[in-house]
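Below you'll find the structure, written out as structure tokens, and then a few comments.
Just follow the structure's listing: the first ligand is 1, and inside any ligand the first atom is 1.
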Amino acid sequence: MKTWKIAMIGFGTVGQGLAEILLAKEQSLKDEEGFACSVVAVSDLRLGSVLAPSGIDLKEALRMVKEGKSLDGYPGGKGGLDAAATIRETNADVLVEIGYTDIRTGEPATSHVRQALARGMHVVTTNKGPVALFLPDLLDLARSKGVRFLFEGTVMSGTPVLSFAKKNLAGCRVLSFSGILNGTTNYMLTEMEKGMGYDEILKKAQELGYAEAVPDADVKGWDALGKVVILSNYVLGARVKPSDIPCEGITEITPEKMKKAASEGKRYKLIGRASIDGGRVQASVAPATLPLSDPLAGVSGPTNAVTFETDLLGSVTVVGPGAGRAATGFAVLADLIDIHRSCGK
Ligand code: HSE
């Protein structure tokens, strides 16, 4: 039985969600996919780090974090290593980069991804920074090292929108897309419509594990912007950067504006879109008031949806969870299974 040794950079909401999934699915992964996972390193800026080449007891690591103890003190492990030292010293064959996202610089995640790929490790990430800013380079580096670089969870968490567009729509040309690409703000708009206050809902979105570590990334539209860039480059074949695209979040949407829209039979949604025509890309992230008859107006809570316009199939919509602990943890699991199916046998 193949055992994949995994190093995790980041052990926040997504990392802990992934650890819970690996524990819950341990037997079914062995029975149905023929592999096991052993997490051999974890490094988190806030929660400490542990290197344990023969495997970390994830139940114990989760318990320590819940009790507020640093992972540096994990019994029998080596603690006190930053991410770079963890990647340098680990015996892992897959790096899972689920650390802090910076959509403007892509750092420090891009350095982690490059370092791991250069060492010949497969890399799975949900971090939008490296993928939005440096995808062609990172894919080239992975190819040159004979390893995989996978990032399904960067767009719509575990809802398989990237693999759908790339694998299932292969042969179609995708001409444009438009959708709700941020779970936090869609959840907030849904609850604001019911009368809850902005600050209270944002706090709830953080507690539920939807929001980014710095929630400005959600409410100012930067997270949706990262996803628009990834979809534009990966699915439409564009070469755009975040700074090329106008971006406005939900911070200017007031209860009064929402009431006015409702009186006109409309609803506010934060919409990310892009189209490509003769190599020219037009893209944006901005709030829009949609008529209630628009299918996107009915997408509520942390659910996301994206509609692709294609040459052969017309319009195709993917709807599913856009954020959350288990949903994003699942995205990483799906990529791990993909690596096993392609490289593990
Ligand atoms: N903060 C993001 C969202 C997480 O709310 O959509 C998933 O990318």
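Counting only distance, with no hydrogens or angles, the side chain of Arg267 and the backbone of Ala297 share a donor-acceptor pair below 3.5 Å. The backbone N or O of Thr184 sits nowhere less than 3.5 Å from a side-chain atom of Asp218 that would complete a donor-acceptor pair.
Near Asp223, with a cut-off below 4.0 Å to any heavy atom, the atoms of ligand 1 are 2 (C), 3 (C), 6 (O), 8 (O). Near Asn182, the atoms of ligand 1 lying under 4.0 angstrom from a non-hydrogen atom of the residue are 2 (C), 3 (C), 5 (O), 6 (O). The ligand atoms of ligand 1 that sit less than 4.0 angstrom from a heavy atom of Thr184 are 1 (N), 3 (C), 5 (O). For ligand 1, the atoms sitting less than 4.0 Å from at least one non-hydrogen atom of Ala323 are 3 (C), 4 (C), 5 (O), 6 (O), 7 (C), numbered in the order shown with element in parentheses. Interface atoms of ligand 1 facing Asp218, defined by a heavy-atom separation under 4.0 Å, are 1 (N), 2 (C), 3 (C), 5 (O). Remark: ligand 1 atoms within the under-4.0 Å shell around heavy atoms of Lys128 are 8 (O). Here is the list of ligand 1 atoms found below 4.0 Å of a heavy atom in Gly322: 6 (O), 7 (C). Taking every non-hydrogen atom of Glu212 and a distance limit under 4.0 Å, the qualifying atoms of ligand 1 come out as 1 (N), 2 (C), 4 (C).
Looking from atom 6 (O) of ligand 1 to the surrounding protein, the closest heavy atom is Gly183 N, 2.8 Å.
Here the side chains of Val228 and Arg273 are not in contact, with every heavy-atom distance at 4.5 Å or above. Between Val39 and Met8, some side-chain heavy-atom pair lies under the 4.5 Å cut-off.
Heavy atoms of Lys227 approach ligand 1 to within less than 4.0 angstrom. Ligand 1 has no atom lying under 4.0 Å from any heavy atom of Ser157.
By the 4.0 Å N-to-carboxylate-O rule, Arg63 lies close enough to Glu67 to be salt-bridged with it.
Under 3.5 Å, the side chains of Ser342 and Arg148 contain a donor-acceptor pair of N or O atoms. With no hydrogens or angles considered, a side-chain donor-acceptor pair links Thr307 and Thr317 at under 3.5 Å.
Nearest approach of Ala132 to Asn233, heavy atoms of both residues: O-ND2, 4.1 Å.
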